[in-house]
Amino acid sequence: MPEPLADRPGEFAAPRPGGIAARAAAGLRAAGPDYLAGLNPEQREAVETLDGPLLVLAGAGTGKTRVLTTRIAHILALGRARPFEILAVTFTNKAAREMRERVGKLLGQAAEGMQWLGTFHSIGTRILRRHAELVGLQSSFTILDTDDQIRLIKQVLSAENIDDKRWPARQLAFAIDGWKNRALGPKDVPAGEAQAFAAGRGAELYGIYQARLKQLNAVDFGDLLLGPIRIFRDHPDVLEQYHRRFRFMLVDEYQDTNVAQYLWLRLLAQGSKNLACVGDDDQSIYGWRGAEVENILRFERDFPGAKVVRLERNYRSTGHILNAASHLIAKNEGRLGKTLRPQTELGEKVTVAGSWDSGEEARAIGDEIEALQSKGHKLDDMAILVRASFQMREFEERFITLGLPYRVIGGPRFYERAEIRDAMAYLRVVASPADALAFERIVNVPKRGLGDAALKLINERARADEVTLPEAARRLCDAGEMKGKARAALKDLILSFDRWSGLIDKTPHTELAEIILEESGYTDMWAKDRTAEAQGRLENLKELVRSMEPFENLRGFLEHVSLVMDADRGPSEDAVTIMTLHGAKGLEFDTVFLPGWEEGLFPHQRSLDESGRAGLEEERRLAYVGLTRARRRAKIWFASNRRVHGMWQSSIPSRFLDELPEADVDVVEAPATFGGGMGGGYGPSRFDNAQPFSSTYATPGWRRAQERGGATASPGPGARRGGPMTIEGELVASSSAKSAGFKQGARVFHQKFGNGTVVEVDGNKLTVSFDKAGEKRVLDGFVKAA
DNA sequence: AACATTATGTCGACT
DNA sequence: ACATAATGTT
């Protein structure tokens, strides 16, 4: 797997005949560098400045990705490096994939051989696997996700007799993550911070956790960066190899790098010095994850002789949108300062609208989307960008009622679902029996009568004999230390694992996965399950097997999953996108809806509490990111009431609304809302008095809120929230009514609500009493006969 | 060991 | 309000 690193002489190498670079260079000589055509002067400078450190300050929509990809193409075309001598780092897999594709397009062929194009984590993994033994690991180490990590920490805490009530594992996990983000090992943790956990044992526990990881031959996300840093520092000869290898380095989203990533880059950049970083300080929104805007602010000092290029021509958004965004971000201090210049007409003004509560917000936005759709706009070109993921559900519910196709990006993640994690655990044990956490997860799933007691025995034996858990289990069975039913069940499981392991090289991995899920009784477990989700879970398992297809083998797939975490659902029908503002960075849509601009939610209270002014500035940058996603229309909303942890709370409009320039904003009344929205009369502080209802309790909205079982009354199981949602709503059937012929009393299945019985039929609208979700009105197109 | 009940934390964003 | 974890019961 690892190709030799020192496979080339140090001097400049001519492109391999027939390689990408050679062919691209041939094309260059023949047709001229047509990939440079159409770049503006600044972009061109950023592409052609190849030697020495370079910082490209690229505002939103100024062609940042284009510069990066063209730069790579340019390097290859000039023959300055071969594809595997370029290090190109992104933060997300999506960005990496896009870059690969676009480089390929520029070169007119697939960008094969660019092995070092990927995320910090995937490249870190690659390096760590090559030199695992230098940090006491085997190169087959497993990568723990957050869930595994927390379970492991729980084990550590209980082994150390620490009350995990008083000192939650999550908290320690969070602290450890923070330390790793700052490249601090257990010994480097500042005394003051270690003090904060378990009466000063924080750093000690961190050390124990690391030791446990090593025992398990496992690493967590942070180690994927820290490991390589340690290797580089302790083994100059290894670092030297990489210095020789990476002739050019490119980093995307430099403003989001944390200390560890910065150190990692700086170590590597001591080699060729050809480090090009692209970023935008105004779009730094990952401070909570350890990102340091200072990295970008300090670039010129860190890399002497650095050239700085500013990209300020925005090709994405129309004038009003851009003005609004610029005006807003100008309230931040401590920025490098850029002025985005629109390249097109002023277009539509940004709109701000208020609603009574979050439900009405969802309804109004749904209506507006339908109106746009009927005017010929595609749903693919519209997005709803929320601050927090819990806001998504209200939109989902509304869209289901409307029959409006939508896709949620980043919601409950595919790979975090229980059934997927179980299935993955089976695969992991088969691929590497030493994966103790995976084994523990599935010994008793489905139920085999192997509970805590049995697991304890296995664990003790494994520790005593220093063997893997499956091996310990085998010994227990053979030695007869396990009795009766438990022994039979365990023996059976062990034999199954032996059988599956034997199939690894003989059977295609997708088939093997099916066999494992079948023979383990896992699919059976869900097939027998009568709950609403069971069907969906089986679907997900099929989806999982399908998603394994593109991979060469099981190992490759497992590696991918441990890093990727985002399931790539294939392209589907025309649909509205619902996602978080964080997830939206780097994307653009014609129309962007921005709901929930209320104090406490946006800016988020916790951001303000924890980070004060810096937190507020980061929230403001998030608002800036949101606005600049819009090409033609940006529509902001706020609600006067929102349910927080199940309790109704009134809210005041976000301070960011007051920071928008009046000239570029239209305050609109919410169409078809109770009380006609906020009325037109906005004072100088336009939104401060935006709660005309707060003192009167007789408004329909308030009554509705109460009927819905708000802060006071708890509704009986029959009085579902599905009812009031449609009092005035006049459920609108989006498509023509063609009844699928469901009769009253029929049993139906719904993707989101599960199984239920039809109570009433009204054209293509059904009232269904769902077993789990209660009574809902849905369109017949969304249910199928159960 | 498996199920039923109760208590608790969660809903801040992500690799 | 909901889901999960912890606790109690058979």
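Below, read A as the first sequence line, B as the second, and so on, with proteins coming before strands; counting in each chain starts at 1.
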DNA chain B nearest-nucleotide lookup for A:Phe120 and A:Gly451: closer to the 5′ end is A:Gly451
Whole-Å distance, A:Arg643 CZ to B:dC11 P, equals 17 Å
A:Arg606 CZ to B:dG9 C1', in whole Å, measures 11 Å
Point to revise | Distance below 4.0 Å between A:Arg289 side-chain N/O and B:dC14 OP1 or OP2 | key: no
(Q) Is the phosphate of B:dA13 approached by A:Ser389 (side-chain N or O, under 4.0 Å from OP1 or OP2)? (A) yes
From CG of A:Asp177 across to P of B:dC14 the rounded distance in Å is 15 Å
Closest of B:dA1, B:dG12, B:dC14 to the A:Ala453 side chain is B:dA1
note: A:Ile150, atom CD1; B:dG9, atom C1'; distance rounded to Å ~ 12 Å
- Task: Answer with yes or no after comparing the ring centroid distance for A:Trp637 and A:Phe593 against a 6.0 Å cut-off, counting only values under it.
- Result: no
Separation of B:dA13 atom C1' from A:Ile409 atom CD1, nearest Å, is 16 Å
Between NE2 of A:His582 and P of B:dC11 the distance, given in whole Å, is 15 Å
Between B:dA13 and A:Trp288, is there a base-stacking contact, meaning the centre of the base's six-membered ring lies under 5.5 Å from the residue's ring centre while the planes stay under 30° apart?
yes
Sorted by chain and number, sequence neighbours left out, side chain to side chain donor-acceptor pair (under 3.5 Å) with A:Asp492 holds for none
Closest of B:dA2, B:dT15, B:dA1 to the A:Lys447 side chain is B:dA2
Checking B:dT15, B:dA13, B:dT10 against the side chain of A:Arg170 (C-beta onward), the nearest is B:dT10
* Base, sugar-phosphate, or nothing: which does A:Ser607 touch, judged by heavy atoms less than 4.0 Å apart? -> base
Counting distance alone, no hydrogens or angles: does the base of B:dG12 have a donor or acceptor under 3.5 Å from a partner atom on the side chain of A:Glu619? yes
Would you say B:dA2 has OP1 or OP2 under 4.0 Å from some side-chain N or O of A:Asn444? yes
Rounded to whole Å, CG of A:Leu450 lies from C1' of B:dA1 at a distance of 10 Å
- request: State whether A:Thr580 places a side-chain N or O below 4.0 Å from either non-bridging phosphate oxygen (OP1 or OP2) of B:dC14.
  value: yes
So, does A:His604 get its side chain near the phosphate of B:dG12, meaning an N or O under 4.0 Å from OP1 or OP2? yes
Just the atom pairs and distances: protein N or O near nucleotides 3-6 of chain C's N or O, under 3.5 Å.
none

Worksheet item: Is the gap between the ring centers of A:Trp597 and A:Phe602 under 6.0 Å?
Response: yes
Smallest heavy-atom separation, A:Gly124 atom then A:Pro228 atom, equals O-CG, 3.7 Å
* Asked: Quick one: are the ring centres of A:Tyr262 and A:Trp264 less than 6.0 Å apart?
  -> no
Of A:His645 and A:Gly449, the one whose nearest nucleotide on DNA chain B sits closer to the 5' end is A:Gly449
Just by distance, with hydrogens left out, do A:Asn295 and A:Tyr254 show a side-chain donor and acceptor under 3.5 Å apart?
no
Exercise for review: Check the side chains of A:Asn540 and A:Glu419 for a donor-acceptor pair under 3.5 angstrom, ignoring hydrogens and angles.
Suggested key: yes
Margin query: Mind checking if A:Gln261 touches a base, just sugar-phosphate, or nothing, with heavy atoms under 4.0 Å?
Written below: nothing
Shortest non-hydrogen pair, A:Tyr206 vs A:Leu184, comes out as OH-O, 2.8 Å
When rounded to whole Å, the CZ to C1' distance for the pair A:Phe174 and B:dG12 reads 10 Å
